[in-house]
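A quick write-up on the structure given underneath.
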Amino acid sequence: QVRLVESGGGLVQAGGSLRLSCAASGSIFSIFAMGWYRQAPGKQRELVADIRSGDRTNYADSVKGRFTISRDNAENTVYLQMNSLKPEDTAVYYCSLSGSAGDYWGQGTQVTVSS
């Protein structure tokens with residue numbers, strides 16, 4: 001079993017920054033990708049960013065140039081640095097892990113950006 005624990009969400013004013021962290025533990029063998037998704041009220045869950053082997057990254061167009069995803073392989077931890085936050089970034093952010101043991105999700109952390 002794999003467990004993902006997220007932290008770092010909160011309330012911030014527009015233009016501010018937050019850093020999300022997600023630590024994976026448990027029966028982790030090979031990790032294909034780790035990433036962040038978000039879901040705003042009344043909307044579908046969407047990919048924000050992910051990072052794959054060789055540190056290949058992928059970002060949603062809406063966050064390019066503002067968010068940065070990174071990973072500590074030794075600690076099985078993924079980070080999302082969010083700068084220049086906008087009210088439309090308000091959502092529950094979920095950590096994801098895709099690996100040889102399957103696909104897993106964190107419990108989610110709320111990010112609220114006030115205008």
Side-chain angles (χ1 to χ4, degrees):
Q1 191 70 14
V2 174
R3 184 182 182 208
L4 302 177
V5 178
E6 299 135 333
S7 60
L11 173 64
V12 65
Q13 288 188 331
S17 298
L18 284 174
R19 188 189 193 211
L20 305 183
S21 300
C22 172
S25 62
S27 302
I28 301 170
F29 299 104
S30 296
I31 297 177
F32 304 145
M34 294 187 74
W36 292 93
Y37 287 72
R38 67 186 180 187
Q39 187 167 19
K43 294 188 177 182
Q44 290 188 328
R45 190 174 297 190
E46 63 175 0
L47 174 69
V48 177
D50 64 19
I51 185 166
R52 299 175 178 270
S53 60
D55 287 340
R56 292 178 293 125
T57 58
N58 179 46
Y59 294 93
D61 287 342
S62 59
V63 307
K64 283 180 181 177
R66 300 188 297 123
F67 291 11
T68 302
I69 190 169
S70 60
R71 179 175 159 183
D72 183 335
N73 292 327
E75 299 293 330
N76 289 326
T77 300
V78 66
Y79 304 96
L80 186 68
Q81 178 66 43
M82 305 186 293
N83 299 328
S84 302
L85 282 160
K86 304 176 180 179
E88 51 263 43
D89 294 318
T90 295
V92 177
Y93 283 69
Y94 296 91
C95 176
S96 70
L97 182 151
S98 177
S100 57
D103 298 330
Y104 298 89
W105 294 92
Q107 79 284 359
T109 185
Q110 177 70 47
V111 171
T112 302
V113 184
S114 63
S115 57

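This chain uses plain numbering: 1 for the first residue, then up along the sequence. Both backbone and side-chain heavy atoms feed into the values below; hydrogens, waters and symmetry mates do not.
- Across every non-hydrogen atom of Asn76 and Ile28, the tightest pair is ND2-CD1, 3.8 Å.
- Heavy-atom minimum distance, Val78 versus Cys95: CG1-SG, 3.9 Å.
- With Gln1 contributing its side chain and Gly26 its backbone, the two residues share no donor-acceptor pair below 3.5 Å.
- Applying the 4.5 Å side-chain rule to ILVMFWY residues, one finds that Phe32 remains a lone member of its cluster.
- There is no path of hydrophobic side-chain contacts, each under 4.5 Å, that joins Val92 to Tyr104.
- Note on Asp61 versus Lys64: salt bridge recorded, some NZ/NE/NH1/NH2 to OD/OE distance being below 4.0 Å.
- Note that OG1 of Thr112 and CG of Asp89 are 11.0 Å apart. Values are rounded to the nearest 0.5 Å.
- Note that SG of Cys22 is 10.5 Å distant from CG of Leu80, once rounded to the nearest 0.5 Å.
- Applying the salt bridge (charged side-chain N to carboxylate O under 4.0 Å, His left out) test to residues at least two apart or on different chains, none of the pairs has a partner in residues 105-115.
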Q) Yes or no on side-chain hydrogen bond (donor to acceptor under 3.5 Å, both in side chains) for Arg56 and Asn58, after CA distance, side-chain angles and deciding distance? A) CA-CA 7 Å; Arg56 292 178 293 125; Asn58 179 46; over 6 Å; no
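- At least one side-chain heavy atom of Tyr79 sits less than 4.5 Å from a side-chain heavy atom of Asp72.
- Shortest non-hydrogen contact noted between Leu18 and Gly8 is CD2-O, 3.9 Å.
- In this structure, the side chain of Tyr94 does not engage the main chain of Glu6 through any donor-acceptor pair within 3.5 Å.
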Using atom types as modelled, flag every donor-acceptor pair under 3.5 Å from a side chain in residues 45-53 to any protein atom, sequence neighbours excluded.
residue : atom : partner : partner atom : Å
Glu46   : OE2  : Arg38   : NE           : 2.8
Glu46   : OE2  : Arg38   : NH2          : 3.3
Asp50   : OD2  : Arg52   : NH2          : 3.4

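- Residues satisfying the ring-ring contact (aromatic ring centres under 6.0 Å, His included) criterion with Tyr37, sequence neighbours excluded, are Trp105.
- Between atom CD of residue Gln13 and atom OG of residue Ser115 there is a gap of 9.5 Å, rounded to the nearest 0.5 Å.
- Under the salt bridge (charged side-chain N to carboxylate O under 4.0 Å, His left out) criterion, Lys43 pairs with no residue, sequence neighbours left out.
- How far CH2 of Trp36 is from CG of Leu20: 4.5 Å, rounded to the nearest 0.5 Å.
- Under the 4.5 Å side-chain criterion, counting only non-hydrogen atoms from C-beta, Met82 is not in contact with Val12.
- Nearest heavy-atom pair, Met34 versus Ala24, reported as atom, atom and distance to 0.1 Å: CE-CB, 4.2 Å.
- Residue pairs satisfying the side-chain hydrogen bond (donor to acceptor under 3.5 Å, both in side chains) criterion with at least one member in residues 16-33, sequence neighbours excluded, are listed as follows: Ser17-Asn83.
- What you find for Ala91 and Gln110 is that their closest heavy atoms are O-NE2, 3.4 Å.
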